[in-house]
> 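Just dropping this structure here.
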Amino acid sequence: MKFAEFDYRAPSTPAEVVQLLAQRPGEAKIIAGGQSLLPTMAYRLAQPAMLVDLKGVQGLDGITPDGAVLRLGARTRWRDIEASALLATAHPLLQEAVRHVAHYQVRNRGTVGGSLAHGDPASELPCIAVTCEGELRVLGARGERRIAASEFFLGPLTTDLRDDEMILELVLPAWPRDRRWAFQEFARRAGDFALAGVAVYYDRDDGGRAGNVHIGVVGACQRPHRLAAAEAALSGRVPDAACIEEAAEAAAAEVDPPGDLQAPAAYRRALVATLLRRALREAADRSDTLSGS
Amino acid sequence: MDIQGEELLPFAPPQVWQALNDPGVLKDAIPGCEALERLEDDYRVTLMAAVGPVKARFNGKLALHNVEPLRGYTLQFEGTGGIAGFGKGMADVSIEAAEGGTRLCYGATAQVGGRLAQVGSRLVDGVARRMAAEFFSRLRQGMELQQAGGCEAKATGAAQP
C-alpha cells in the first residue's frame, strides 16, 4: 500500500530537528534508515503528518573510542558496525549481536538511533545497550539529557524518548581486551525476529572465577533487561558445567516471555535456558583459546 | 491472549466499587480513552491506541455482565479500528476487602485481528499487559485525586459559615 500523505523536511542540524519535532508534537517522526517506520507506514498503521529526515544532519555518524567509553553516533548503520575493524577488539559482543540483525538489506539501511528509538523487544541493539550498561544522549527542545539504557526501554515499542527529542548517540563503557563473552539467539528462519536470545560477558580473576557478570535477554521479554539471578549463579565461580546449568535454570525461572503465534511462552522460556547454556560454553571455550595463545 | 493480575488499592471496597462504575473515573483510567458515554446497558467507547509509531483509533462498545455489587463484574468489549483491524475480549474483575485496602483481581482474554494482528502479533501480548498495568495505576491516581478533591470540598464546606 502507498503511504498516507506527509510533509517532508531535511534539516541540517540537531537543533533544527528538535525544533521541527516540537512544532508538530506527536505528529512528526524522525526518519533515518526507515527499516521499521516505513513498513509501518506502508501498512498505514502509522500516519505521521511529517517526516524529519536525518540524512543532512552533521555529526551523527561514527564509531569513536573516547577514553573509558565507546561512542556510536545515532546514524551509524549496522553495516558500519559489522565492517568495523576497530570493533573486532573494541566491542566484539556488539559486532556479533549486530550480525543477527535481520537481513543484509536491512543492515545496509537500519541505524543505531532508529533501533533504540523503536524499542522492539526482539531487537539486538537495545539488549546490548542494557546488558553493557550503556547510556543514551538525547537532545530535546528543552536541552540535552542522558538516560541509562536500563531506564530507557519501558515496554514493547515504548521508550522514555519524548515527542520532541532525538537520540544523538549511544555511549557504551570501553571493553577490556581479554573479556569473555558470547551472543546467542534463535529465530525460525535466518533474519526473522528472535524468538529468544542472550548476551553474556564476564571478566575472570587469576583463579578463573567469573566476575562483573552481565547477562541480558532479547526477544523473550517485554523489554530488554538483565537476568540478575543467572548473573548471581555465575558470579564468583569458575564457569564449569554445574555452574552453567544453575545459571541456565535461574534464567529460565526469571524471564517472563510473551506467548504469541510464533511460540508459546513456555517454549521461549526453555529456549532462554538452552541459549544461555550455549553462550556460557562458548564464552568459556573462547577464554581457553585466548589464554592458550 | 490471557492476562491475569491483581492489584492492592488503598481504598475501602465501596469506594473501589464506585470507581469501577463511574464513567468519568473509567475514562481517565483507560489508556488512550477519548470518550466513554453511557448508553442504556452499556458504554460507547472511543480510544486511541498509540504504541511507538503505530496509532489506531478504536470505536466500540463496553458492556457489563454478571454484576454483583461490591463483588465484581464481567466486562465485555469489542471495537473496530478501521484499517488497523479489530479487537474484542472480556475481563472478569472481582474485588474483596484486604489488609491495607481492597484486592482487585482480574483475568482477561482478548483477541486482535486484522492488520494489527498480522503485523504485530509478536507485540500484542506485551502491549496488552502494559495497558492493563497502566489502567490500574491510573485508576489508583484517579481515586486519590477524587478523594483529595472530596476532602477539599469538605474542608471548604466546613470553612463556610
Side-chain angles (χ1 to χ4, degrees), chain A residues 1 3-4 6 26-31 34-49 51 114-123 153-159 161 163 187-188 192-196 219-224 256-265 268, chain B residues 1-7 30-34 46-59 79-89 107-138 141:
Chain A
M1 202 191 298
F3 304 143
F6 58 85
E27 305 259 295
K29 288 297 277 182
I30 289 177
I31 181 160
Q35 297 304 293
S36 298
L37 181 59
L38 293 187
T40 318
M41 286 173 63
Y43 280 116
R44 297 218 175 179
L45 288 175
Q47 304 190 6
L51 286 190
S115 171
L116 295 171
H118 195 57
D120 192 308
S123 285
F153 303 101
L154 304 177
L157 309 193
T158 309
T159 70
L161 196 68
D163 286 342
R188 285 171 64 198
D192 272 4
F193 286 106
L195 293 181
C221 50
Q222 313 295 344
R223 61 195 179 99
D256 184 16
D260 61 19
L261 295 173
Q262 313 291 326
R268 287 176 199 260
Chain B
M1 164 178 48
D2 290 302
I3 313 165
Q4 312 281 338
E6 60 173 60
E7 200 77 20
I30 297 171
C33 185
E34 294 177 333
T46 307
L47 74 89
M48 179 69 126
V51 182
V54 176
K55 281 195 182 124
R57 182 172 277 116
F58 283 86
N59 288 298
T80 56
I83 205 156
F86 66 88
K88 62 178 181 179
T109 57
Q111 292 98 43
V112 177
R115 189 151 285 154
L116 211 52
Q118 186 190 348
V119 183
S121 75
R122 244 169 11 95
L123 305 170
V124 167
D125 188 288
V127 170
R129 283 203 229 177
R130 205 178 138 70
M131 280 177 82
E134 200 181 327
F135 172 81
F136 288 107
S137 76
R138 287 196 197 198
Q141 275 171 18

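Every heavy atom of this structure was used, including side-chain atoms; hydrogens, water molecules and symmetry mates were not. Predicted model, so just to flag it, every value in this text is computed and none were measured. Chain identifiers are assigned alphabetically (A, B, ...) following the order of the sequence lines, protein sequences preceding nucleic acid strands; residue numbering begins at 1 within each chain.
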> For chain A, which residues from residues 81-89 of chain B have at least one heavy atom closer than 4.5 Å to it?
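Residues in range: I83(B), A84(B).
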> Could you tell me which non-hydrogen atom of P121(A) sits nearest to which non-hydrogen atom of C221(A), and how far apart they are?
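Shortest heavy-atom contact: CB-O, 3.3 Å.
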> Heavy-atom distances under 4.5 Å only: say whether P257(A) touches chain B with side chain, backbone, both or neither.
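When you check distances to chain B, only backbone atoms of P257(A) fall under 4.5 Å.
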> Heavy-atom distance under 4.5 Å to chain B: side chain of L161(A), backbone, both or neither?
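When you check distances to chain B, no heavy atom of L161(A) falls under 4.5 Å.
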> Can you tell if the side chain of L45(A) reaches within under 4.5 Å of the side chain of L116(B), non-hydrogen atoms only?
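Side-chain contact under 4.5 Å: yes.
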> Of the non-hydrogen atoms in L47(B) and P31(B), which two are nearest, and what is the gap between them?
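Smallest interatomic distance, heavy atoms only, reads CD1-O, 4.2 Å.
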> If I compare all heavy atoms of A122(A) with all of A194(A), which pair ends up nearest, and what's the gap?
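Heavy atoms only, the tightest pair is CB-O, 3.9 Å.
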> Output the donor-acceptor atom pairs between chain B and chain A under 3.5 Å, with atom names and distances to 0.1 Å.
{"from": "G52(B)", "atom 1": "N", "to": "L157(A)", "atom 2": "O", "distance (Å)": "3.3"}
{"from": "K55(B)", "atom 1": "N", "to": "L45(A)", "atom 2": "O", "distance (Å)": "2.9"}
{"from": "K55(B)", "atom 1": "NZ", "to": "G26(A)", "atom 2": "O", "distance (Å)": "2.7"}
{"from": "R122(B)", "atom 1": "NH1", "to": "D120(A)", "atom 2": "OD1", "distance (Å)": "3.1"}
{"from": "R122(B)", "atom 1": "NH2", "to": "D120(A)", "atom 2": "OD2", "distance (Å)": "2.6"}
{"from": "R129(B)", "atom 1": "NH1", "to": "D256(A)", "atom 2": "OD1", "distance (Å)": "3.2"}
{"from": "R129(B)", "atom 1": "NH1", "to": "D256(A)", "atom 2": "OD2", "distance (Å)": "2.9"}
{"from": "R129(B)", "atom 1": "NH2", "to": "P257(A)", "atom 2": "O", "distance (Å)": "3.4"}
{"from": "R130(B)", "atom 1": "NH1", "to": "L154(A)", "atom 2": "O", "distance (Å)": "3.1"}

> Name all residues meeting the side-chain contact (heavy atoms from CB on, under 4.5 Å) criterion together with A117(B); count only those two or more places apart in sequence or in a different chain, and write none if there are none.
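Only V112(B) meet the side-chain contact (heavy atoms from CB on, under 4.5 Å) criterion with A117(B).
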> Closest heavy-atom contact between G34(A) and P39(A)?
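Looks like O-CD, 3.5 Å.
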> P48(A) versus chain B, heavy atoms under 4.5 Å apart: side chain, backbone, both or neither?
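Interface part for P48(A): neither.
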> I'd like to check I30(B) versus F135(B) (side-chain heavy atoms, cut-off strictly below 4.5 Å). Are they in contact?
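Sidechains of F135(B) and I30(B): in contact.
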> Who pairs with F136(B) by ring pair (Phe, Tyr, Trp, His ring centres under 6.0 Å), at least two apart in sequence or on another chain?
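F136(B): ring pair (Phe, Tyr, Trp, His ring centres under 6.0 Å) contacts with Y106(B).
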> Which pair of heavy atoms, one from P156(A) and one from V127(B), lies closest together, and at what distance?
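Result for this residue pair: CG-N, 3.8 Å.
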> So do L37(A) and L51(A) actually touch side chain to side chain, heavy atoms under 4.5 Å?
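With C-beta onward as the side chain, the pair touches.
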